[in-house]
> 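Below is one structure. I have some questions about it.
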Amino acid sequence: MSTRKKRKVIAGNWKMNMTPSEAKELISGIYSRIKGKKGCDVVVCVPFVDIPVAAAATKGTIIKLGAQNVHFEQKGAYTGEISASMLKECGVQYVIVGHSERREYFGETDETVNKRAKAALEAGLNVIICVGEKLEEREAGITGEVVSRQTKLALQDIPVTMMQNVIIAYEPVWAIGTGKTASNEDADEVCGIIRAVVSGKYGKSVARGLVIQYGGSMNAKNCEGLLAMNNIDGGLIGGASLKPDDFAVIVNAAQ
Ligand code: PGA
């Protein structure tokens, strides 16, 4: 695929970190370092209880607010769950679905990832759908197969009209939180496979416009090389998103 004009999205995935007061401080630290930047979208995906504070702290800034999960039912007897309309009313614009930690520790499957993505899109949220292979799958040479399958199943019955609100994050599981990053070329190759799957389902123009992020130990040192790759349109950042200086370096590299 020839070089594309990219829309870039840098999203921080805070995971289970930051109390509300810490969240407020972190957002103001990030904002003071990136204000005035225009070249990419910046999102912070915060724990549910931080949402009200984060909504107030991001208001009027270029930082958009995201959540880390959403339930697929609209309402009802689902103790402990949060619906898409609840997120929306609290000012959330993005939600991560299918993160590998949810798949690994909380029984998330390709089917529930798809249901969550659909519920979020129907409520008018943007979704960041995570896909990625485990170490043994990479070693077995089936990375492309695994990621293609996850992508296809996650997008099942999602109409083309909703694709402008979909981001796919390629996150090799072995690279998350480990300090090991995929090489620029390997990450680009897999993002290219994802783009080809989307092209096959929705056509070339949707595939060209799709934002595909890389995630997995992206940091202030390696971000520039990864973000320069043709198929990589941003990052989903865990550890480095909790450090304002490092996160700002990544945002700058995406400009
Ligand atoms: P990491 O996490 O940057 O700490 O590897 C990325 C993620 O899990 O989204």
> Should Val9 and Val92 be counted in the same cluster of Ile, Leu, Val, Met, Phe, Trp and Tyr side chains packed under 4.5 Å apart?
no
> Take Glu171 and His99 through the test side chain to side chain donor-acceptor pair (under 3.5 Å) and record every step on the way to the result.
CA-CA 8 Å; Glu171 298 208 302; His99 190 278; 3.2 Å; yes
> For the pair Tyr214 (side chain) and Ala182 (backbone), establish whether a donor and an acceptor sit closer than 3.5 Å, ignoring hydrogens and angles.
yes
> In sequence, state the C-alpha distance, the side-chain angles, and the governing distance for Glu108 and Thr112, and then conclude on side chain to side chain donor-acceptor pair (under 3.5 Å).
CA-CA 6 Å; Glu108 196 80 63; Thr112 57; 2.6 Å; yes
> Taking only residues two or more places apart in sequence or in another chain, which ones pass side chain to side chain contact (heavy atoms under 4.5 Å, CB included) with Ala123?
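Scan of Ala123 (side chain to side chain contact (heavy atoms under 4.5 Å, CB included), adjacent residues dropped) gives Ala84.
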> Just by distance, do the side chain of Asn165 and the backbone of Met162 share a donor-acceptor pair under 3.5 Å?
no
> Judged by atom type as modelled, is there a donor-acceptor pair below 3.5 Å linking the side chain of Arg102 to the main-chain atoms of Val97?
no
> Could you tell me whether the side chain of Lys15 and the main chain of Gly238 form a donor-acceptor pair under 3.5 Å?
no
> Backbone N or O of Tyr78 within a donor-acceptor pair of the Glu81 side chain at under 3.5 Å?
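A pair under 3.5 Å: no.
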> Side chains of Tyr94 and Gln68: any donor to acceptor distance under 3.5 Å?
no
> Taking all atoms of both residues into account, what is the closest heavy-atom pair of Gly144 and Ser148, and its distance?
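Closest heavy-atom pair between Gly144 and Ser148: O-OG, 2.7 Å.
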> Looking only at heavy atoms, what is the nearest atom pair of Leu65 and Cys90, with distance?
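For Leu65 and Cys90, the tightest heavy-atom pair comes out as CD2-O, 4.4 Å.
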> When you measure from the side chain of Ser241 to the backbone N and O of Gly12, does any donor-acceptor pair fall under 3.5 Å?
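No.
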> Check this for me: does any side-chain nitrogen of one of Asp41 and Arg7 sit under 4.0 Å from a carboxylate oxygen of the other?
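Result for this pair is yes, salt bridge flagged.
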> Which pair of non-hydrogen atoms, one from Val53 and one from Pro20, has the smallest distance, and what is that distance?
CG1-O, 3.5 Å
> Would you call Asp186 and Arg138 a salt bridge, taking side-chain N to carboxylate O under 4.0 Å as the test?
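Salt bridge between Asp186 and Arg138, a charged N being under 4.0 Å from a carboxylate O: yes.
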> Under a 3.5 Å distance rule, please check whether Lys6 uses its side chain to pair with a backbone N or O of Leu227 as donor and acceptor.
yes
> Looking at side-chain heavy atoms only, is the closest gap between Gln164 and Val166 below 4.5 Å?
no
> When you group the ILVMFWY residues by side-chain heavy-atom contacts below 4.5 Å and let the links chain together, are Val211 and Ile10 in the same group?
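No; tracing contacts between hydrophobic side chains, which count when under 4.5 Å, never links both residues.
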> Salt bridge check: are Arg195 and Asp233 linked by an N-O gap of less than 4.0 Å?
yes
> Going by salt bridge (charged side-chain N to carboxylate O under 4.0 Å, His left out), Asp110 matches just one of Lys152, Arg103, Arg116. Which one?
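Looking at Lys152, Arg103, Arg116, the match for Asp110 under the salt bridge (charged side-chain N to carboxylate O under 4.0 Å, His left out) is Arg103.
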> Testing the basics here: between Asn222 and Thr181, what is the closest heavy-atom pair and its distance to 0.1 Å?
ND2-OG1, 3.1 Å
> What heavy-atom pair brings Tyr202 and Ile158 nearest, and what distance separates the two atoms?
OH-O, 2.6 Å
> Is the backbone N or O of Gln156 less than 3.5 Å from a side-chain atom of Asn114, with the two atoms forming a donor-acceptor pair by type?
yes
> So, using side-chain hydrogen bond (donor to acceptor under 3.5 Å, both in side chains) as the criterion, who are the partners of Trp14 when residues are at least two apart?
none
> Do Ile212 and Asn231 pass the side chain to side chain contact (heavy atoms under 4.5 Å, CB included) test, and can you show the C-alpha distance, the side-chain angles, and the key distance before you say yes or no?
CA-CA 7 Å; Ile212 302 181; Asn231 276 303; 5.6 Å; no
> Verify, without hydrogens or angle tests, whether Glu137 (side chain) and Lys134 (backbone) share a donor-acceptor contact under 3.5 angstrom.
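Side chain of Glu137 to backbone of Lys134, a donor-acceptor pair under 3.5 Å: yes, one is there.
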> Between Ile167 and Tyr170, is there shared hydrophobic-cluster membership here, with clusters defined by ILVMFWY side-chain heavy atoms closer than 4.5 Å?
no
> Looking at every heavy atom in both Cys191 and Gln213, which two are closest together, and how far apart are they?
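Looking at all heavy atoms of both residues, the closest pair is SG-O, 4.3 Å.
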